[in-house]
There are 2 protein chains.
Amino acid sequence: MRFRWKRESRMLSAVMEDYIKAIYAIRSDGQERVSTSALADYLDVTAPTVSSMLKKLEERGLVDREEYKGVTLTEEGELVALEILRHHRLLEAFLTERLDYDWADVHDEADRLEHHVSDELTDRIAEALGNPGVDPHGDPIPDADLSLPEPGDTIRLATVAEGEPVVVRRIRHQGDEELRYLADAGIRPGVELEVVDVAPFGMVTAEIPGGEQSLPEEIARLIEVVPAAEADELEA
Amino acid sequence: MRFRWKRESRMLSAVMEDYIKAIYAIRSDGQERVSTSALADYLDVTAPTVSSMLKKLEERGLVDREEYKGVTLTEEGELVALEILRHHRLLEAFLTERLDYDWADVHDEADRLEHHVSDELTDRIAEALGNPGVDPHGDPIPDADLSLPEPGDTIRLATVAEGEPVVVRRIRHQGDEELRYLADAGIRPGVELEVVDVAPFGMVTAEIPGGEQSLPEEIARLIEVVPAAEADELEA
DNA sequence: TGCAGGGTTTAGATAAGTCTAATTCGCGAA
DNA sequence: TTCGCGAATTAGACTTATCTAAACCCTGCA
Ligand SMILES: [Mn+2]
Ligand SMILES: [Mn+2]
Ligand SMILES: [Mn+2]
Ligand SMILES: [Mn+2]
């Protein structure tokens, strides 16, 4: 009812939606303003390509742009990002829960479909799943009015002290590849683990239910955890 | 531009897939060779647009083309058509059976998604539904090796004799619009009806479970039926 | 048999999204 | 304060899919 008409009148291409999603992802990863080169890097295109696309997004009122300084999402751009994120995460949840996909194999499929499913279908999926708050990777799912559930505080596995038991809450990812790696290592949201060693270059060795696992820093950095004590509280 | 990978690393755009589907649909509707203008009409584009696309499809080995005479699908083109049809019809069946869609509201959604779902997802949907042989409109669903179940013989409602009880088997359609019209008229696959009158211009009046319905020729022509006697046999 | 009208193709333009090469800008170091 | 280097933008080209206008081919009717 509310935003449906907006989406129609917006009529963004899948490519534009990907730029908006990328700006949202990079910004929420720390940066205040998102640079042309950061986007080029993230989307695997050249800087001139990004530059011209940012001008189009500015014309459409989706980003605020300052020459040579980068962009930020406008309020409308933010809504677009949340809408696509809602599609993406609900698709991931649905594939996992209703079509027997492994949690580590749903991202790429969702990443394509997110641009083509209607809001109607998305809402039906949400309904069928009982309006879940998080997807299979622990990412919060924007609800129908596009407000994002506040995720609880977490810390990166790379910064956890040795000997402190923690529970995996969320796994950042850009593709199925990292997820597959972690799935094969026996790590997934909900698993309890304990860091037993941090070697040079950030290599983290953790004890997990099935034994021990060593993870390179780039991977350990993707894992968000909470202290096991806190996790227990929430269960109760 | 979004592309999909085919088994022989054959990459087709959604647009090309739509042309292949259209050629398949028009040809299976009688024509042996499909003309440029028939395609332009069906796809709602101009003749020059079709002409240039047909040359590209010929280069890719998907159609056999004869200048000024039209095209036919090659064996490979036929497989592409069947693959997309499998996606489309399984999506329609899934939306109807698992996400509470009305059978008359699934075509347009499936028509977009068919180009973006992977074969993997399609197979999982088929599995979840128990490998159905027909979709909600009575269209046969190609199985995993792309062989199309032979649909039983049917006749068009427009040609049914007055007073002969028949059962609706299949409803041809190009969009949700015709389906919505029929759904609102109380006609859907499985419904038993009897033609009570054929007026000038092909207007068909039929008795259906809820009363009587008059259908314009363009609509009546879309409905495929079998004699009620035959239908009963199959039930038994 | 010939030609006119209609369907088909060619020619040339446009919009989206991408690239490489060239140019311009900003900012930290000298 | 000025340079120079890297980041950003501009310029120009290419591909896909579409259009309109013009030229071309086929065929049925005279
Ligand atoms: Mn994902
Ligand atoms: Mn996710
Ligand atoms: Mn359909
Ligand atoms: Mn159908």
Side-chain angles (χ1 to χ4, degrees), chain A residues 9-23 26-27 30-72 77 80 84 111-112 115-116, chain B residues 1-6 10-23 26-27 30-72 77 80 84 111-112 114-116:
Chain A
S9 70
R10 258 196 249 113
M11 275 312 274
L12 298 183
S13 66
V15 172
M16 282 184 171
E17 290 181 347
D18 277 335
Y19 277 81
I20 297 293
K21 247 202 345 170
I23 294 166
I26 296 170
R27 188 230 38 194
Q31 274 63 55
E32 151 71 12
R33 236 195 189 85
V34 175
S35 70
T36 299
S37 54
L39 279 165
D41 196 58
Y42 188 94
L43 292 168
D44 201 29
V45 294
T46 62
T49 300
V50 173
S51 201
S52 83
M53 179 57 78
L54 291 182
K55 268 184 284 190
K56 286 174 201 155
L57 294 176
E58 184 185 34
E59 275 164 26
R60 300 225 188 190
L62 298 169
V63 304
D64 284 324
R65 176 168 160 275
E66 203 168 339
E67 290 231 318
Y68 293 98
K69 295 281 182 56
V71 293
T72 57
V80 171
I84 306 301
D111 226 29
R112 266 179 294 111
H115 308 292
H116 307 286
Chain B
M1 220 105 315
R2 281 282 184 288
F3 294 104
R4 61 179 297 109
W5 282 93
K6 285 296 161 60
R10 192 173 71 240
M11 206 165 53
L12 295 183
S13 67
V15 171
M16 282 182 170
E17 289 180 348
D18 277 335
Y19 278 82
I20 297 293
K21 246 201 348 170
I23 294 166
I26 295 170
R27 186 229 40 191
Q31 273 64 55
E32 153 69 13
R33 237 198 187 82
V34 175
S35 70
T36 299
S37 54
L39 279 165
D41 197 56
Y42 189 95
L43 292 168
D44 201 28
V45 293
T46 62
T49 300
V50 172
S51 201
S52 82
M53 178 58 77
L54 291 181
K55 268 184 285 190
K56 286 175 202 154
L57 294 176
E58 184 184 37
E59 276 165 26
R60 301 221 184 195
L62 297 169
V63 305
D64 284 326
R65 176 169 159 275
E66 203 167 340
E67 291 230 318
Y68 293 96
K69 296 281 182 57
V71 293
T72 57
V80 171
I84 306 302
D111 225 29
R112 266 178 294 111
E114 63 188 1
H115 308 292
H116 306 286

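Given the structure is predicted, the values throughout are model-derived calculations rather than measurements. Convention: sequence-line order gives letters A, B, ...; per-chain numbering from 1.
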- Task: May I ask you to test the H116(B)-H115(A) pair for a side-chain heavy-atom distance under 4.5 Å?
- Result: no
- After noting the C-alpha distance and the side-chain angles of I20(A) and I84(A), does the key distance pass the side-chain contact (heavy atoms from CB on, under 4.5 Å) rule? CA-CA 9 Å; I20(A) 297 293; I84(A) 306 301; over 6 Å; no
- Query: E59(B) has an atom CD; how far is it from atom P of dT15(D), in whole Å?
  - Reply: 12 Å
- Message: Just N and O in the side chain of Y19(A): are any of them under 4.0 Å from OP1 or OP2 of dA16(C)?
- Response: no
- Query: Once you round it to whole Å, what is the distance between P of dC19(D) and CG of D44(B)?
  - Reply: 8 Å
- OP1, OP2 of dA17(D) versus side-chain N and O of S13(B): anything below 4.0 Å? yes
- Task: Test salt bridge (Lys or Arg N to Asp or Glu O under 4.0 Å) on E58(A) and R60(A) and set out the steps.
- Result: CA-CA 5 Å; E58(A) 184 185 34; R60(A) 300 225 188 190; over 6 Å; no
- Message: Generate the contact string for nucleotides 4-14 of chain D. Rules: B means base contact, S means sugar-phosphate contact only, - means no protein heavy atom under 4.0 Å.
- Response: ----SBB----
- Separation of dA16(C) P from K56(A) NZ (nearest whole Å): 6 Å
- Atom-pair distance (CG on L57(B); C1' on dT9(C)), nearest Å: 16 Å
- For atom CD of E17(B) and atom P of dA17(D), their distance in whole Å: 11 Å
- Just how far, in rounded Å, is C1' of dC26(D) from CZ of R33(B)? 14 Å
- Does the side chain of L62(A) come within less than 4.5 Å of L12(A)'s, by heavy atoms? yes
- Message: Could you walk me through whether V45(B) and M53(B) satisfy the side-chain contact (heavy atoms from CB on, under 4.5 Å) test, starting with their C-alpha distance in whole Å, then the side-chain angles of each, then the deciding distance to 0.1 Å, before giving a yes or no?
- Response: CA-CA 11 Å; V45(B) 293; M53(B) 178 58 77; over 6 Å; no
- Message: Output the rounded distance in Å from CE (M53(B)) to P (dT15(D)).
- Response: 15 Å
- Query: Between L43(A) (CG) and dC19(C) (C1'), how many Å, whole number?
  - Reply: 15 Å
- Query: Of D64(B), I26(B), I23(B), T72(B), which is the lone residue that meets side-chain contact (heavy atoms from CB on, under 4.5 Å) with R33(B)?
  - Reply: T72(B)
